Amino acid sequence: LGMARAGNRDVTADLAAILGRHGVWAPMFLETTLGRDDDPRCAAGRANEESLFGLAILSRWPIGEVRLVVNGAGASAIACTEFAIGLGVRHENVIVCDSKGVIWKGREGIDQFKSAHAAETGKRTLAEAVEGTDVFLGLSVAGAMTQAMVKSMARQPIIFAMANPD
């Protein structure tokens, strides 16, 4: 788990096999719901599903308790955020950041797509947002995370660095 790549068609089968060993039925829906492998949302969606299912099932954490930070607020990031919520991550456990920091309720100058995922939090920076988080989806720019930020995350965090390289 946690090693998804666009074009790796065995990811879904591997995940289903792992979940099956734990008595969980996992339908194979990624190929039809997420699009083609060269679509960045497909790669992000695959990684998102693997990380969240893996965390919830293999770590024995209820998926509703997963804390998720999404860095980026473009189409792929919003799609991943909505996908995570659809899997059972509680909206209040999700923080989305853009180039100006945390998207929080009351922040001015954000569009309806960002405002739909505005968090009720006092956190304002990416560094503050990742403190104690379980899953990080990097969908903005390369190099956004520092070693100190990774160390501030929860024990054994799942990090998907999916931003385009410089």
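Keep in mind the model is a prediction, meaning the values are calculated, not measured. In what follows, every heavy atom counts, from backbone to side chain, and hydrogens, waters and symmetry copies are set aside.
Within the model, atoms NE2 of H91 and NE2 of H117 stand 5.5 Å from one another, a figure rounded to the nearest 0.5 Å. Summarising the geometry, atom CG belonging to L126 is positioned 5.5 Å from atom CZ belonging to F136; distances are rounded to the nearest 0.5 Å. Interatomic distance, L139 CG to S76 OG, rounded to the nearest 0.5 Å: 6.0 Å. Taking CG from N71 and CG from L137, the interatomic distance works out to 9.5 Å, rounded to the nearest 0.5 Å. Here CD of E131 is found 7.5 Å from OG1 of T125. Values are rounded to the nearest 0.5 Å. If you take CG on L68 and SG on C80, they are separated by 9.0 Å, rounding to the nearest 0.5 Å.
Looking at residues two or more places apart in sequence or on another chain, you find a salt bridge (charged side-chain N to carboxylate O under 4.0 Å, His left out) between R90 and E92.
Residue V69 is not grouped with residue I78 when hydrophobic side chains (ILVMFWY) are merged at heavy-atom distances under 4.5 angstrom, including chains of intermediate members. Cluster membership check: V96 shares its hydrophobic cluster with I158, using side-chain heavy-atom separations under 4.5 Å among Ile, Leu, Val, Met, Phe, Trp and Tyr.
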Could you walk me through whether V135 and V66 pass side-chain contact (heavy atoms from CB on, under 4.5 Å), step by step? CA-CA 7 Å; V135 179; V66 171; 4.0 Å; yes
Going through the distances and angles, do W104 and R124 end up as a side-chain contact (heavy atoms from CB on, under 4.5 Å)? CA-CA 8 Å; W104 49 277; R124 297 296 182 258; 3.3 Å; yes
Just do the side-chain contact (heavy atoms from CB on, under 4.5 Å) check on I159 and M153 with the steps written out, would you? CA-CA 10 Å; I159 299 171; M153 294 176 71; 3.9 Å; yes
Set out, in order, the CA-CA distance, both residues' side-chain angles and the distance that settles side-chain contact (heavy atoms from CB on, under 4.5 Å) for I85 and E82, then state yes or no. CA-CA 5 Å; I85 292 167; E82 292 174 358; 5.6 Å; no
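Taking every heavy atom of both residues into account, E128 and G122 meet most closely at OE1-O, 4.3 Å.
In this structure, the side chains of S152 and V150 stay at 4.5 Å or more apart for every pair of heavy atoms. Counting heavy atoms from C-beta on, the side chains of K114 and D98 come closer than 4.5 Å.
Salt-bridge formation is not detected for the pair R155/D134: no Lys NZ or Arg NE/NH1/NH2 atom is positioned less than 4.0 Å from an Asp or Glu carboxylate oxygen.
A distance-only check finds no donor-acceptor pair linking the side chain of R67 to the backbone of V94 [under 3.5 Å]. No side-chain donor-acceptor contact under 3.5 Å links S115 to the backbone of I110.
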